[in-house]
Amino acid sequence: MTTNSESSSNFIKNIIKEDLKNNKNNGRVHTRFPPEPNGYLHIGHAKSICLNFGIAEEFGGLCNLRFDDTNPVKEDVEYIESIKEDVRWLGFDWDKRLFYASDYFDKLYQYAVELIKAEKAYVCDLTLEEIREYRGTLTEPGKESPYRERTIEENLDLFEKMKAGFFADGSRVLRAKIDMASPNLNMRDPVIYRIQRGNHYRTGDRWCIYPMYDFAHPLSDAVEGVTHSICSLEFADHRPLYDWIIETLNIEQPPQQMEFARLNLSSTVMSKRKLRELVDHGYVDGWDDPRLPTISGLRRRGYTPDSIRDFCERIGVAKANSIVNIAMLEHCVREELNYSVQRVMAVLRPLKIVIENYPENKVEMLDAENNPEDPGAGLRKIPFSRVLYVEQGDFREDPPKKFFRLAPGREVRLKHAYIIKCERAVKDEQTGEIKELHCTYDPDTRSGSGETRKVKGTLHWVSAAHAVEAEVRLYDNLFLKENPDEDDDFKASLNKDSLETLTSCMVEPELKDPVPGTRYQFLRHGYFCVDTYSGSDKPVFNRIVSLKDTWAKIQKAQGK
RNA sequence: UGGGGCGUAGCCAAGUGGUAAGGCACCAGGUUUUGGUCCUGGCAUGCGCAGGUUCGAACCCUGCCGCCCCAGCCA
């Protein structure tokens with residue numbers, strides 16, 4: 001497998017090792033992956049999933065899947081199944097530990113009551129705008145709410161009534177009583193419960209008050225026995241509040257929040273908001289568009305779970321914001337697919353060639369190795385005949401330096417077949433367009449015959465009479481800019497050519513009725529995956545990633 | 001201009017006082033019936049900058065500079 005058996009170190013693992021050494025939490029390691037069911041998972045989530053489940057695996061602990069569903073207006077069942085499917089597809093198992101923050105609403109309510117009784121929370125009647133004003137600014141302290149000193153009894157009564165639906169949405173909130181002068185805005189009497197009518201996708205209309213993240217999260221962790229609560233950097237400012245909740249409520253075995261930098265990938269966007277915009281406005285064809293960094297997009301594109309996990313392992317975990325180059329991800333799939341996937345010949349832009357000295361009706365079945373990296377993959381038979389297709393780009397009438405392919409008078413080998421020589425190009429008299437090539441073959445050079453004559457280039461090809469017509473979709477970066485977020489409108493650098501659809505490709509008969517999801521290497525092109533929606537009439541292949549292309553580099557260096 | 005976090009090669013990232021791991025990318029060469037793979041070698045006299053402590057500093061101290069996050073009844 002691609003994944004290194006020995007994973008690299010990072011600051012989170014180091015802390016956990018230290019905790020284990022000190023027998024903190026009685027040697028338990030328990031993490032959780034806590035998505036909000038309000039969107040599809042992307043590769044940034046994969047990093048978190050690999051981290052959380054990976055740590056549990058490595059240290060003999062457990063990892064829960066918990067839906068952080070405390071906001072009824074944003075969440076939907078639609079996302080639950082897709083998230084579960086994605087986590088499973090990545091290869092992780094939460095066993096019986098599938099949880100929902102919404103399952104804790106009763107407990108959470110009790111904890112809130114407890115806070116009130118300890119005079120650590122109060123019902124506040126300030127409006128949203130007033131709360132904002134009272135909060136102060138980054139440089140000035142806030143003011144205490146006039147409702148801050150209500151009695152326990154009054155607070156209990158009001159909170160009860162909030163729950164019972166006596167008050168309008170937004171008219172009152174429950175706030176933690178902490179410190180309006182704190183330099184950390186999160187500690188300036190944060191709202192921990194708000195009134196919000198609306199149908200929660202799981203609890204329906206049972207509740208009209210909902211806990212805020214800052215209140216629900218530490219307590220959900222506590223309820224589940226989580227020891228290490230790993231989240232992204234922007235929550236670092238919330239840690240004092242997280243700890244305050246845990247301490248104030250006297251939670252034993254307090255979970256510990258730790259923050260890491262989330263993943264950014266070059267030439268794409270990662271925020272749910274932006275991905276949603278691309279989907280909703282038709283810039284892409286849905287959440288599983290193969291150009292998207294969503295898990296479902298990558299899956300449809302043909303990426304493997306192993307390659308994504310390998311990627312997450314290689315990029316490491318740290319606290320520095322960074323943008324990982326997408327070349328890293330591409331490397332990971334190539335590495336896996338190179339030794340695991342069958343080779344096949346596919347001509348994407350066909351150019352007809354006629355082998356003049358090859359008998360009219362003869363067909364030879366030639367041996368072709370399925371995977372040179374894996375002799376156990378065996379051989380298959382491919383038909384060779386007088387009329388073939390080769391790649392248009394493999395012929396140049398006036399070849400540049402270092403061009404090792406077909407040109408008038410030049411010889412090349414046809415992979416698994418014969419050495420052929422280009423005798424002449426037939427052009428359209430009107431347009432000058434090259435219609436076909438006339439070649440001759442050397443009967444003594446059949447592959448495997450022991451012939452050792454060397455030629456500079458080897459081309460893939462397909463027998464015209466036996467070829468299967470196919471559609472091939474070539475994907476390129478969705479954005480032209482390494483960091484689309486730099487622009488005022490991230491869409492400014494959208495790549496208009498991120499999808500190129502080729503509808504007249506000719507592939508070998510092996511690919512007649514391919515099973516969706518099957519991956520192949522198209523010789524000299526790259527790795528391709530049969531599209532999820534590929535029909536039987538004409539197979540559709542998605543390019544996962546191209547092969548590395550030295551010739552392209554040479555051309556670039558030559559200035560084309 | 002308050003608070004929190006971060007600066008190690010083009011991109012990631014180890015390293016936590018003993019003289020800069022690893023990967024990607026890139027460059028050069030070898031092998032090759034995929035211009036793929038594979039193999040070999042190269043790629044930071046340097047760790048944001050400037051001082052200081054020390055026999056010795058990316059690691060400790062001081063002062064600067066730069067970037068990110070925070071004023072949702074979102075998560």
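Labels below follow one simple rule: chain letters A, B, ... track the order of the sequence lines, proteins then strands, and each chain is numbered from 1.
- Remark: rG66(B) base-pairs with rC6(B); criterion is Watson-Crick or G-U wobble with both hydrogen-bond distances under 3.5 Å.
- Under 3.5 Å, the side chain of R343(A) and the base of rU34(B) form at least one donor-acceptor pair of N or O atoms.
- Relative orientation of the H42(A) and H45(A) rings is tilted, given thresholds of 30° and 60° on the angle between their planes.
- For the pair T70(A) and rA75(B), the criterion of a side-chain N or O lying under 4.0 Å from OP1 or OP2 is met.
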List every contact pair, protein side and nucleotides 68-73 of chain B side both N or O, where the distance is under 3.5 Å.
{"unit_1": "rC68(B)", "atom_1": "O2'", "unit_2": "N321(A)", "atom_2": "ND2", "d": "3.1"}
{"unit_1": "rA71(B)", "atom_1": "O3'", "unit_2": "R135(A)", "atom_2": "NH2", "d": "3.3"}
{"unit_1": "rA71(B)", "atom_1": "O2'", "unit_2": "R135(A)", "atom_2": "NE", "d": "3.0"}
{"unit_1": "rG72(B)", "atom_1": "OP2", "unit_2": "R132(A)", "atom_2": "NE", "d": "3.2"}
{"unit_1": "rG72(B)", "atom_1": "OP2", "unit_2": "R135(A)", "atom_2": "NH2", "d": "3.2"}
{"unit_1": "rC73(B)", "atom_1": "OP1", "unit_2": "R135(A)", "atom_2": "NH2", "d": "3.4"}
{"unit_1": "rC73(B)", "atom_1": "OP2", "unit_2": "R135(A)", "atom_2": "NH1", "d": "3.2"}
{"unit_1": "rC73(B)", "atom_1": "N3", "unit_2": "G170(A)", "atom_2": "O", "d": "3.0"}
{"unit_1": "rC73(B)", "atom_1": "N4", "unit_2": "L126(A)", "atom_2": "O", "d": "3.2"}
{"unit_1": "rC73(B)", "atom_1": "N4", "unit_2": "L128(A)", "atom_2": "N", "d": "3.1"}
{"unit_1": "rC73(B)", "atom_1": "N4", "unit_2": "G170(A)", "atom_2": "O", "d": "2.9"}

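- Pair assignment for rA57(B) gives none, since no Watson-Crick or G-U wobble pairing has each distance under 3.5 Å.
- An anti orientation is assigned to rG15(B), its glycosidic angle lying beyond 90° of 0.
- When heavy atoms are screened at a 4.0 angstrom cut-off, K415(A) is found touching base atoms of the nucleic acid.
- Look at N264(A) and you won't find any side-chain N or O under 4.0 angstrom from OP1 or OP2 of rC12(B).
- The side chain of N10(A) lies closest to rA14(B) when the candidates are rA75(B), rA14(B), rG23(B).
- N371(A) places its CG atom 16 Å from the P atom of rG36(B), with the value rounded to the nearest Å.
- For K17(A), the NZ atom counts as densely surrounded, since its 6.0 Å shell holds more than 12 non-hydrogen atoms of other residues, nucleotides or ligands.
- Counting any heavy atom pair closer than 4.0 Å across all strands shown, P141(A) reaches no nucleic acid atom.
- Rounded to the nearest 0.5 Å, atoms CZ (F67(A)) and OG (S220(A)) are 13.5 Å apart.
- Distances shown here put a side-chain N or O of H331(A) below 4.0 Å from the OP1 or OP2 atom of rC24(B).
- Heavy atoms of G448(A) sit under 4.0 angstrom from at least one base atom.
- Nucleic acid contact class of V317(A) (heavy atoms, under 4.0 Å, all strands): sugar-phosphate only.
- Taking atom CD of E369(A) as the reference point, atom C1' of rU33(B) lies 9 Å away to the nearest angstrom.
- Considering only side-chain atoms of D68(A), the nucleotide from rG35(B), rU34(B), rA75(B) that sits closest is rA75(B).
- The listed nucleotides are rU37(B), rA13(B), rU34(B); the one nearest the side chain of L523(A) is rU34(B).
- When rounded to the nearest whole Å, the span between NZ of K13(A) and C1' of rA14(B) equals 12 Å.
- Ring pair Y242(A)/F235(A): centre-to-centre distance not below 6.0 Å.
- Taking the six-membered ring for Trp and the full ring otherwise, Y210(A) and Y193(A) have centroids separated by 6.0 Å or more.
- Side chain of K402(A), nearest nucleotide from rG23(B), rG35(B), rA14(B): rG35(B).
- rC12(B) atom C1' lies 13 Å from atom CE of M270(A), rounded to whole Å.
- Distance E391(A) CD to rU34(B) C1': 13 Å, rounded to the nearest Å.
- One cannot find a donor-acceptor pair under 3.5 Å joining the base of rU1(B) and the side-chain atoms of T139(A).
- The residue from R135(A), K177(A), R148(A), K143(A) that alone fulfils the salt bridge (Lys or Arg N to Asp or Glu O under 4.0 Å) condition with D189(A) is R148(A).
- Nucleic acid contact class of R188(A) (heavy atoms, under 4.0 Å, all strands): none.
- Nucleotides of RNA chain B nearest to A261(A) and D69(A) differ in position, and the one nearer the 5' end is that of A261(A).
- Close to rG35(B), at under 4.0 Å from its OP1 or OP2, lies no side-chain N or O of K548(A).
- L547(A) comes within 4.0 angstrom of a nucleotide base, judged by non-hydrogen atoms across all strands.
- Note on K454(A): a side-chain N or O is less than 4.0 Å away from OP1 or OP2 of rU33(B).
- Side-chain rings of H217(A) and H238(A) stay apart, their centers remaining 6.0 Å or farther from each other.
- Taking the ring axis of Y109(A) as reference, the NZ or CZ atom of K163(A) stays within 45° of it and closer than 6.0 Å to the ring centre.
- rG3(B) atom P lies 18 Å from atom CD of E259(A), rounded to whole Å.
- Under 4.0 angstrom from either OP1 or OP2 of rG36(B) there lies at least one side-chain N or O belonging to T550(A).
- The side chain of R314(A) has rG23(B) as its nearest neighbour among rG23(B), rC26(B), rU34(B).
- Across all strands shown, rG36(B) has no partner, as no Watson-Crick or G-U wobble contact with both distances under 3.5 Å is found.
- Across all strands shown, rG17(B) forms no Watson-Crick or G-U wobble pair with both key distances under 3.5 Å.
- H525(A) comes within contact range of no nucleotide atom at all, as no heavy-atom separation falls under 4.0 Å.
- Side-chain atoms of E373(A) and base atoms of rG36(B) include a donor and an acceptor less than 3.5 Å apart.
- Taking atom CE on M345(A) and atom C1' on rU33(B), their separation rounds to 11 Å, with Å as the unit.
- Side-chain to base pairing of R413(A) with rU33(B): one donor and one acceptor N or O lie within less than 3.5 Å of each other.
- Residue ring and base: Y213(A) does not count as stacked with rA75(B) (centre distance below 5.5 Å and interplanar angle below 30° not both satisfied).
- Remark: K553(A) is in phosphate contact with rC27(B), judged by side-chain N or O atoms under 4.0 Å from OP1 or OP2.
- Residue order along RNA chain B, read from the 5' end via each residue's closest nucleotide, puts E140(A) first among E75(A) and E140(A).
- Ring centroids of F159(A) and Y122(A) are separated by 6.0 Å or more, keeping the two rings apart.
- Ring pair F541(A)/F522(A) is perpendicular by interplanar angle, where above 60° counts as perpendicular and below 30° as parallel.
- If you check distances only, the side chain of Q521(A) does reach the base of rU34(B) with a donor-acceptor pair under 3.5 Å.
- Aromatic rings from F404(A) and W551(A) are positioned such that their centres are separated by 6.0 Å or more.
- Counting any heavy atom pair closer than 4.0 Å across all strands shown, F311(A) reaches no nucleic acid atom.
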